Amino acid sequence: MFAKNLNKLIIDADGCPVVRAAAKLAAEYNVQCMIVCDSAHFFDIGTAQTVVVSQGADSADFYIVNHIMPGDIAVTQDYGLAAMCLAKKASVINQDGRIYSDENIGGLLEQRAIGKKIRRAGGRLKGPPKRREDRDEKFIKTLRRLLENAEV
């Protein structure tokens, strides 16, 4: 799904390795950029608005869901937040350049639930691989494509 009638780019910044790259692209395309993080983090990027929410399990997620509009773009690695943004007709991309869609979000949520069940039972799962430069490049390429296809 590609953004249309784009108003803003919203970044779920807690634990996001591509905040600066996303903000830079938003500025390049003259798109409002909102960085949302909890009080344990802070970003000072002159071209973006930083919104600091209280520390809490889903404080940043609730803020984002309450402020995202149809056609906006969200950057998040949280499947639950991605699903809520998709329900509000926003485009959603993760930090590796994967576009979430109505077609793939159900399976991703199911994988998350299975992983949670395994961890609750005392099992362990392998974490994500070490971040590589090619993942940043894929993110930038995909976000650029979303921004180019948006009507600003």
Side-chain angles (χ1 to χ4, degrees), residues 1-117 119-120 125 127-128 131 135-136 138-152:
M1 180 169 141
F2 292 107
K4 295 290 180 193
N5 301 317
L6 176 61
N7 181 41
K8 64 189 163 299
L9 173 70
I10 302 179
I11 305 168
D12 178 12
D14 295 339
C16 181
V18 292
V19 172
R20 293 190 188 289
K24 183 178 178 181
L25 277 173
E28 183 180 324
Y29 285 86
N30 200 30
V31 171
Q32 176 190 354
C33 182
M34 183 184 296
I35 300 168
V36 182
C37 58
D38 68 30
S39 58
H41 302 87
F42 184 76
F43 295 89
D44 186 16
I45 300 173
T47 58
Q49 172 191 3
T50 299
V51 176
V52 179
V53 297
S54 63
Q55 283 186 335
D58 296 314
S59 297
D61 295 356
F62 291 133
Y63 185 90
I64 292 168
V65 168
N66 287 326
H67 289 86
I68 200 153
M69 305 293 291
D72 288 348
I73 300 172
V75 178
T76 186
Q77 59 185 333
D78 181 312
Y79 298 155
L81 176 57
M84 290 185 282
C85 291
L86 286 171
K88 293 192 83 173
K89 305 299 182 205
S91 294
V92 188
I93 180 175
N94 80 357
Q95 74 278 1
D96 295 332
R98 178 181 202 164
I99 296 176
Y100 297 116
S101 67
D102 292 333
E103 289 74 35
N104 68 16
I105 197 66
L108 294 169
L109 288 167
E110 187 174 328
Q111 286 176 0
R112 180 180 77 166
I114 291 168
K116 190 173 189 178
K117 187 175 181 179
R119 286 188 298 279
R120 280 190 180 156
L125 299 171
R131 186 135 189 107
R135 292 166 79 191
D136 291 344
K138 182 178 179 196
F139 169 80
I140 291 167
K141 181 179 179 182
T142 305
L143 180 57
R144 183 178 299 281
R145 192 175 76 231
L146 282 173
L147 291 165
E148 286 174 353
N149 285 299
E151 296 171 12
V152 181

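In what follows, residues are counted from 1 in the order of the sequence shown. Keep in mind that the numbers below use all heavy atoms, side chains included, and drop hydrogens, waters and symmetry copies. Since the model is a prediction, treat every value here as computed from it, not as a measurement.
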Looking only at heavy atoms, which two atoms of [X] and [Y] are closest? And how far apart?
| X | Y | answer |
| --- | --- | --- |
| Ala13 | Val19 | CB-CG2, 3.9 Å |
| Tyr29 | Glu148 | OH-OE2, 2.8 Å |
| Met84 | Val65 | CB-CG2, 3.7 Å |
| Ala82 | Ile105 | CB-CD1, 3.9 Å |
| Thr47 | Ala23 | OG1-O, 3.9 Å |
| Val75 | Cys16 | CG1-SG, 4.2 Å |

message: Could you walk me through whether Glu28 and Leu147 satisfy the side-chain contact (heavy atoms from CB on, under 4.5 Å) test, starting with their C-alpha distance in whole Å, then the side-chain angles of each, then the deciding distance to 0.1 Å, before giving a yes or no?
response: CA-CA 10 Å; Glu28 183 180 324; Leu147 291 165; over 6 Å; no
query: Are Cys37 and Val53 close enough, and set up right, to give a side-chain contact (heavy atoms from CB on, under 4.5 Å), and what steps lead you there?
result: CA-CA 6 Å; Cys37 58; Val53 297; over 6 Å; no
Hey, what do you get for [atom1] ([X]) to [atom2] ([Y]), rounding to the nearest 0.5 Å?
| X | Y | atom1 | atom2 | value |
| --- | --- | --- | --- | --- |
| Leu81 | Leu86 | CG | CG | 9.5 Å |
| Gln49 | Ile10 | CD | CD1 | 9.5 Å |
| Leu25 | Phe139 | CG | CZ | 7.0 Å |
| Ile68 | Leu9 | CD1 | CG | 9.0 Å |
| Ile73 | Lys8 | CD1 | NZ | 11.5 Å |

Hey, does the side chain of [X] reach the backbone of [Y] with a donor-acceptor pair shorter than 3.5 angstrom?
| X | Y | answer |
| --- | --- | --- |
| Asp14 | Asp38 | yes |
| Asn104 | Ile99 | yes |
| Asp58 | Asp61 | no |
| Asp72 | Ala90 | no |

task: Mind running side-chain contact (heavy atoms from CB on, under 4.5 Å) on Arg131 and Asp96 for me, showing each step along the way?
output: CA-CA 9 Å; Arg131 186 135 189 107; Asp96 295 332; 2.6 Å; yes
field: Residue pair Arg145 / Lys141, side-chain heavy-atom distance below 4.5 Å
entry: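 With C-beta onward as the side chain, the pair stays apart.
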field: Side-chain heavy-atom pair Phe43, Ile11 within 4.5 angstrom cut-off
entry: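 Of all side-chain heavy-atom pairs linking Ile11 with Phe43, none is under 4.5 Å.
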- prompt: For Lys88, does the NZ atom sit with more than 12 other heavy atoms under 6.0 Å from it, leaving out its own atoms?
  reply: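 Check passes, neighbour count above 12.
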- prompt: Which is it for Ile45 and Thr50 under the side-chain contact (heavy atoms from CB on, under 4.5 Å) test, yes or no, and what are the steps along the way?
  reply: CA-CA 8 Å; Ile45 300 173; Thr50 299; 5.8 Å; no
